[in-house]
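Since the structure is predicted, the reported quantities are computational estimates derived from the model, not experimental observations. Here is the naming used below: chain letters follow the sequence lines, and residue numbers restart at 1 for every chain.
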Amino acid sequence: MTRDDPVRLYRTVRLIRRFEERAVDLVRAGAIVGGIHPYLGQEGIAAGVCAALRDDDLVTGTHRGHGHVLAKGADPARMLAELLGRETGLNRGRGGSMHAADLAVGVLGANAIVGAAGAILTGAVWARRRRGDDLVGATFFGDGAVNEGMLLEAFNLAALWRVPVLFVCENNGYATTMPVEGAVAGTIPGRAEAFGMPAAVVDGQDPEAVRDATAAAVARMRAGGGPELIEARTYRFDAHHTFEHAVRLDYRAPQEVAAGRSRDPVEIQGARLSGVDRAAVDADVEATLDAALEFALASPEPDPAGALAHLYASGLVARTGGG
Amino acid sequence: MPRLSYRKALTRALADEMARDESVFLLGEDIRVAASNVTAGLLKRFGPDRVVDTPLSEQAFTSFATGAALAGLRPVVEFQIPSLLFLVFEQIVNHAHKFPLMTGGQAEVPVTYLVPGSGSRTGWAGQHSDHPYSLFAHVGVTTVVPATPADAYGLLVSAIRHVDPVVVFAPAGAMDVRADVDFAALAPVPIGRGRVHRAGDDVTVVAVGHLVHDALAVAEELADQVSVEVFDPRTLYPFDWDGLTASVARTGRLVVVDDSNRSCGIAGEIIATVVERVRLLAPPRRVTRPDGAVLPFAPALDRAVQPGREQLTAAIQLTMKDE
């Protein structure tokens, strides 16, 4: 089975879907504190983009970042342990939902400051290529980020220095509660075109369409091309953040939500599989997540004595208390 | 012995580290032509791949450096204007500084931020004359403020070799200081280690950066009245509390001269920590910029807002009168 096999792609969207549904349940049960930004509905983008990347390619994610981390190949058990604040988590319980990172699989981190990760990824890809690696990068961000100056500065640097970074805009229609029409002057592809970057608009609900658009862009970038942008049109099925489950915010009409949910990336990709294959993947995903949850719940919580461990890579210990 | 200027000491440190370590490169505005006169000659010696001029995109290139560091390089980012640090405070604090902890120790971010000409240069007014080292000490970013050419060399070398982000403030008031230096004896200066410039028995004067030279001049002027010990912390974070405590434990009196605004400036922290540790013979004093100061343009006003020798003399005399 190759990485872009339809079954593999289905497994990734299904894994993210069920991971997120279970994570929402764990938030409701009080097991995950602080809440999460569910990636529900947007799974096709992370799955499609990462299916067209190599293991050594680099990505950065967002506050709505579980899908990116899982699609790039992080262990769901250690990801779940991170959400539960366990020592065995990807970040040893120091990062949580919004900062999940797994440098071993090329995830330089979910990043909770909107628009901030593009420049970081641009620098990382530039540095690795300078050392002779021919890898590329993909940085995910939402429609809200296209109004952040530092992302636009990153567009300029990447284009100017021809750094092969794919800027992936997940346009789910809302920056928290602000609709795109209320926030974005011009267009999202227009942002890229202003810097001389090729831009494509794809159906973010179709994992194969996202994969194909990414594969085309990545092929051009590997052949020496500069950065490109993909606007993936999508819809967030659930809340901006799980706090909305407690405090209903009135910004999306029920009809709109129903229409958005009717185009489900898991169903779209699932329909491309035989019933037997699909059932087998579903069972495998459940078994994987059962084991992940068992692992996470059995893992120790970090020792408070080490609350500031890793504050400095140099091992400096912060002064605590008086004197 | 040959004379070495502070500015040339910085250039020499950059050149030596670039020659020693291929992963060191420079990033900043107008550094190819050396507008700050610190990177002079480095383009010719090391080429444009290692002396990288950037567009005016401070936020993007600061995070670009974070990414390059995550990918294994050691960027040195030059800022021509100290007040630009307010613009990139987000990129340094929220990303470069937080990555090691947030990733649970997966990430190292060895970036050096070099600020030649920090503080007032006289006549550069409100937006070019800040000295924000206390802010970086507050958030826990390693912060050094060398006063002499040898320390400028040694601390910049140590900063570049350090595995965590370091801000190197090179005060405008020290940039033209020259000293007799044995070039063969130039060496890294350990981060976190202070230095007694002048031994004394009656009062410890802690002076930061260029103010060390003012403190030494005042100590000399007062030599027949009071025996002043001048302590230069060199690193503000992590601070050499043991070194300072040893000094004040002998003298029993403390005066701090610091080019920060008074509220929440490093002088307040120095006094607080010393009084937690040492029973003083007299109340401690501090000489700083006023609360919340913005540096005014006219030279007399500029001087009026900065800590000066007259104020320091008065503070020393006051603390000697108190019992």
For a 4.5 angstrom cut-off between non-hydrogen side-chain atoms, does A/I113 reach B/E90? yes

Can you check whether anything in residues 243-251 of chain B gets within less than 4.5 Å of chain A, heavy-atom wise, and list it by number? none

Applying a strict 4.5 Å limit to non-hydrogen atoms, the region of B/L27 in contact with chain A is side chain

So which of A/A158, A/A119, A/A127 has the largest heavy-atom pair count under 4.5 angstrom toward chain B? A/A119

In terms of heavy-atom pairs under 4.5 Å, which option from A/H99, A/R128, A/E87 contacts chain B the most? A/H99

Just give me the residue among A/L160, A/L152, A/N111 that pairs up with chain B most often, heavy atom to heavy atom, under 4.5 Å. A/N111

Looking only at heavy atoms and a cut-off of under 4.5 Å, which of A/R130, A/R131, A/R92, A/E82 has the most pairs with chain B? A/R130

Checking heavy atoms, do the side chain of B/F239, its backbone, both or neither come under 4.5 Å from chain A? neither

Heavy-atom side-chain contact between B/T143 and B/V166 under 4.5 Å: no

Side chain from CB out, backbone as N, CA, C, O: work out which of these in B/Q91 comes under 4.5 Å of a heavy atom of chain A, or both, or neither. side chain

Option in A/A101, A/S314, A/G95 with maximal non-hydrogen atom pairs under 4.5 Å from chain B: A/S314

Quick one: which residue pairs count as a salt bridge (charged side-chain N to carboxylate O under 4.0 Å, His left out) with a foot in residues 144-170 of chain A, not counting sequence neighbours? none

Please identify each residue that fulfils salt bridge (Lys or Arg N to Asp or Glu O under 4.0 Å) with B/E22, with sequence neighbours left out. B/R50

Pair A/R222, A/D57 - check salt bridge (Lys or Arg N to Asp or Glu O under 4.0 Å), show working. CA-CA 11 Å; A/R222 287 204 206 284; A/D57 291 329; 2.5 Å; yes

Parallel, tilted or perpendicular: which describes the rings of A/H240 and A/H63, with under 30° parallel and over 60° perpendicular? tilted

Per-residue contacts, residues 133-143 of chain A versus chain B, heavy atoms under 4.5 Å: none

Using the six-membered ring wherever Trp is involved, compare the ring planes of A/W126 and A/W161 and label them parallel, tilted or perpendicular (cut-offs 30° and 60°). tilted

At a heavy-atom separation under 4.5 Å, does B/V52 approach chain A through its side chain, its backbone, both, or neither? side chain

Is the distance between the ring centroids of B/F89 and B/F136 under 6.0 Å? yes

Just to verify, which of B/V88, B/L114, B/V167, B/L87 counts as forming a side-chain contact (heavy atoms from CB on, under 4.5 Å) with B/F79? B/V88

